[in-house]
Amino acid sequence: MPHLHSQSKAQADPSEDDEDEGEDEDNGYAIPVEPHADNASVPPGSAFDEDAAVQLLCERLTEAEESAGDAAPPEILAVNMQRLQALVGLSDAETRILTFGALVHTDRVLDLMSDWVGDLTSAKLFHVLSAVLDISEKTVRAALSPQGALARSGLLTVDRKQRWNVAAKLDLLSDSFADQVVSDVIDPVDLLRGMVTLAPRATLSMVDFAHLGEQLTLMRSYFERVSLTRRRGANVLVYGEPGTGKTELTRMLARALRLSLYEVTGGDEEGDAVLGDQRLRAFRAAQAFFTEQPVLIVFDEAEDVFSDGGPNERSVARTRKAWLNRALEDNPVPTLWLSNSVAGLDPAFVRRFDMVLQMPLPPSRMRERIIHAACGSHLLDSTAYRISRHSALTPGVVARAAAVLLEVADDWPPERFNETLERLVSGTLKAQGHASLSQITAAPPTGAYDLAYVNVDADLPELARGVIRTRSARLCLYGPPGTGKTAFSAWLADEMDVPLLSQRASDLISPFVGETERNIALAFEEAARDGALLCVDEADSFLRDRAGSRYGWEVTAVNEMLTQIANFTGVLVMSTNLLNALDEAALRRFDVKLHFDYLSTQQRRALFADRCGALGLGVPDAECERQLARLDTLTPGEFASVIRRHRLSPLRSPADFARALAAECNVKQRGAAPIGFV
């Protein structure tokens with residue numbers, strides 16, 4: 001092997017020095033020399049011939065230099081290097097440099113030599129490698145340039161920012177790379193273990209992503225085409241809230257295309273987070289390793305790479321901007337980039353993606369199906385319906401809660417499983433800043449709404465026909481509680497044969513700044529996507545007169561609701577008990593305002609007789625009818641409340657039924673003079 005001084009610094013190509021900007025360019029090495037031990041003792045009875053010793057060392061050095069050309073790396077390392085050379089397309093010089101890099105990180109003698117040479121600039125490193133490996137310095141520079149195969153594959157790069165010794169300047173693919181390639185013959189893909197993993201099989205199908213519509217069809221066709229033509233630079237960005245199914249989408253897509261899917265992970269085998277720079281290196285290596293294979297690559301949590309850490313902390317992507325721009329234009333393996341947000345994404349990167357897809361929350365019907373799939377036979381239909389109607393609930397939240405319960409709930413009755421599932425899901429929703437699960441009825445209401453017992457100042461069947469014909473309406477329902485306003489929304493949705501998306505104030509109002517407006521926008525967006533009838537109860541919580549607002553957030557919430565109402569083209573039903581509290585601008589935005597009032601005398605008698613018959617209480621007498629006539633604030637809500645009470649404490653006669661209704665009305669009066677029975 002050539003002597004370290006066999007090529008002087010003056011012989012280096014001066015034209016290559018510019019790339020080591022800012023480094024010390026002195027012209028010689030400060031090679032340490034051990035001081036002569038003049039006073040060293042000589043063992044008794046022996047003679048030390050210094051000249052002979054020096055002569056012997058010179059002879060051995062000459063022999064070593066003459067046989068350097070026959071030197072070879074260990075057999076295992078040589079085999080692994082040959083495989084990497086064939087896989088990545090390394091030149092002989094690049095392979096020799098990579099081999100030396102692996103040895104200098106694992107061989108004790110070479111490591112000591114690295115320390116002995118001292119800290120180097122990049123230019124001096126090239127000189128050392130040229131001398132040690134007997135390769136021209138120009139070839140070494142080309143092999144270690146950022147455009148070279150070693151750097152592009154991530155196998156070996158040069159730290160050009162700091163002075164380090166030889167081993168530290170040669171930065172390998174991973175901390176374990178050198179140990180792996182010298183220890184055993186391996187499959188090159190094993191070098192990516194802990195950084196790039198084969199994705200699990202998809203658990204969802206194309207049907208579960210039907211809400212993506214044309215975008216999903218286009219993305220599938222695009223990847224199918226580029227995988228056949230081997231077009232370079234195919235990249236798609238998918239972003240959306242955590243738990244919306246981005247990762248599962250990529251797995252489903254790979255299965256549909258019959259391609260293997262490899263994921264660039266955010267954590268290593270020990271569970272520790274992998275830094276963004278290391279993840280980009282793993283991505284580079286995966287691109288090089290899988291160039292000739294039918295593969296898709298997915299880079300999850302891409303915001304770790306693209307987003308800045310703070311005002312003075314540039315993202316990894318920005319510090320590697322030139323390289324990443326080239327990678328997005330020339331990567332040989334099609335790649336899906338997944339991100340929870342694009343807020344910090346540089347527009348220069350965005351325009352290099354072939355497609356940018358926002359991943360919305362699945363519609364309620366899709367969520368219901370996914371929830372059933374996650375929970376299996378343990379889940380009741382009524383629970384699935386109720387959970388799926390929460391506008392902010394992502395499938396990922398339910399899947400995690402279900403995974404916990406399925407581990408411990410084998411012997412649980414269905415009621416306990418469902419109650420616990422709702423508690424777990426509600427806890428996660430609250431921690432995310434959302435309202436807990438809305439108290440939607442256990443099953444979709446069907447057939448329980450009788451227009452004969454609704455006292456409203458309009459022809460409801462005729463109104464329903466107009467809504468069905470136009471598929472667009474903005475209705476305001478106002479009147480006392482219990483008069484049937486919310487139930488009318490369910491009846492109208494059933495008449496239209498569309499889903500009902502019911503939202504209350506507790507579902508939409510959040511204590512976090514801007515979150516209420518966001519929840520309102522999401523509710524309207526979901527209704528439009530699902531083709532659902534949107535019912536918003538307690539409209540006065542959002543549409544109060546802005547003149548009386550005390551806080552800025554109250555005004556912004558009203559403004560957001562007014563904007564959404566004005567732009568919504570579907571069917572919206574909003575109900576309130578306080579019409580006079582609504583903002584004037586809100587009242588102008590409604591096509592129809594319907595007043596729901598207390599039951600008329602005739603309606604009270606008819607409904608009372610009907611329910612007595614249904615409960616098997618017999619026929620009401622004249623005294624019951626006279627007593628009912630005095631209950632002038634009676635609503636269908638009081639009837640429903642008493643009937644629920646009947647299930648716990650059965651009524652025995654029409655008279656009992658009438659007393660119970662009077663008691664409900666007395667409670668409603670809140671201190672007013674009692675009415676009916678005393």
Side-chain angles (χ1 to χ4, degrees), residues 380-383 385-386 413-416 418-419 422-423 436-456 477 479-491 502 504 506 535 537-538 575 577 596-678:
L380 300 175
D381 289 344
S382 57
T383 302
Y385 177 86
R386 183 164 52 251
E415 293 78 11
R416 183 183 178 190
N418 285 260
E419 290 171 1
E422 289 197 28
R423 283 199 298 272
S436 61
L437 287 173
S438 47
Q439 300 301 307
I440 299 175
T441 52
T446 55
Y449 195 69
D450 193 337
L451 296 182
Y453 306 126
V454 179
N455 188 7
V456 64
L477 317 182
T483 51
K485 299 185 296 295
T486 303
F488 170 77
S489 300
W491 173 81
S502 182
R504 299 187 310 167
S506 59
C535 170
D537 277 341
E538 305 165 35
S575 61
N577 302 328
F596 284 68
D597 207 349
Y598 299 115
L599 293 170
S600 66
T601 302
Q602 184 178 357
Q603 286 176 318
R604 277 176 256 159
R605 290 174 178 172
L607 183 56
F608 184 79
D610 179 78
R611 295 299 183 259
C612 283
L615 296 175
L617 300 179
V619 178
D621 57 20
E623 181 60 25
C624 285
E625 292 186 0
R626 284 194 297 271
Q627 293 163 346
L628 284 173
R630 294 195 291 269
L631 302 179
D632 53 8
T633 61
L634 196 60
T635 70
E638 276 78 63
F639 279 89
S641 179
V642 171
I643 290 172
R644 288 194 302 271
R645 171 183 164 185
H646 170 72
R647 297 170 184 170
L648 304 176
S649 179
L651 303 169
R652 303 191 180 280
S653 66
D656 287 346
F657 195 181
R659 288 192 196 88
L661 290 172
E664 289 292 327
C665 288
N666 284 336
V667 170
K668 187 165 58 177
Q669 297 305 309
R670 296 190 179 185
I675 57 177
F677 297 99
V678 295

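Since the model is a prediction, treat every value here as computed from it, not as a measurement.
One distance of note links CG of L651 with CG of D656; it measures 6.0 Å at 0.5 Å rounding. From T633, atom OG1 reaches atom CD of E664 across 11.0 Å, with rounding to the nearest 0.5 Å. Here the CG atom belonging to L631 is positioned 6.5 Å from the CZ atom belonging to R604, to the nearest 0.5 angstrom. Of the inter-residue distances, the one linking T486 atom OG1 with W491 atom CH2 reads 15.0 Å to the nearest 0.5 angstrom. The distance from atom OG of S489 to atom CG of D537, rounded to the nearest 0.5 Å, is 7.0 Å. The structure places OG of S653 at 9.0 Å from CG of D621, a figure rounded to the nearest 0.5 Å.
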Practice task
Starting from the C-alpha separation in whole Å, work towards a yes-or-no answer on side-chain contact (heavy atoms from CB on, under 4.5 Å) for D597 and V456.
Solution key: CA-CA 6 Å; D597 207 349; V456 64; over 6 Å; no
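With hydrogens and angles left out, the side-chain atoms of N455 and S600 include no donor and acceptor closer than 3.5 Å. The closest side-chain donor-acceptor pair between E638 and T635 falls under 3.5 angstrom.
Q603 approaches A452 most closely through the heavy-atom pair NE2-O, 3.1 Å. Across all their heavy atoms, Y598 and T483 have their closest contact at N-CG2, 4.1 Å. Smallest separation of non-hydrogen atoms from K485 and S575: CB-CB, 4.0 Å. Listed here is the closest heavy atom pair of C624 and F608: CB-CE2, 4.2 Å. Considering all non-hydrogen atoms of both residues, N577 and P481 come closest at ND2-CG, 3.6 Å. The two residues P654 and G618 have their closest heavy-atom pair at CG-O, 4.1 Å.
Residues L599 and L607 have side chains in contact (heavy-atom distance under 4.5 Å, counting atoms from C-beta outward). Using a 4.5 Å heavy-atom cutoff, the side chains of L617 and R652 are not in contact. Between C665 and L634 there is a side-chain heavy-atom pair separated by less than 4.5 Å. Between F488 and V454, every side-chain heavy-atom pair lies at or beyond the 4.5 Å cut-off.
The residues E623 and R626 are annotated as salt-bridged, a charged nitrogen and a carboxylate oxygen being separated by less than 4.0 angstrom.
Counting only distance, with no hydrogens or angles, the side chain of D610 and the backbone of A606 share no donor-acceptor pair below 3.5 Å.
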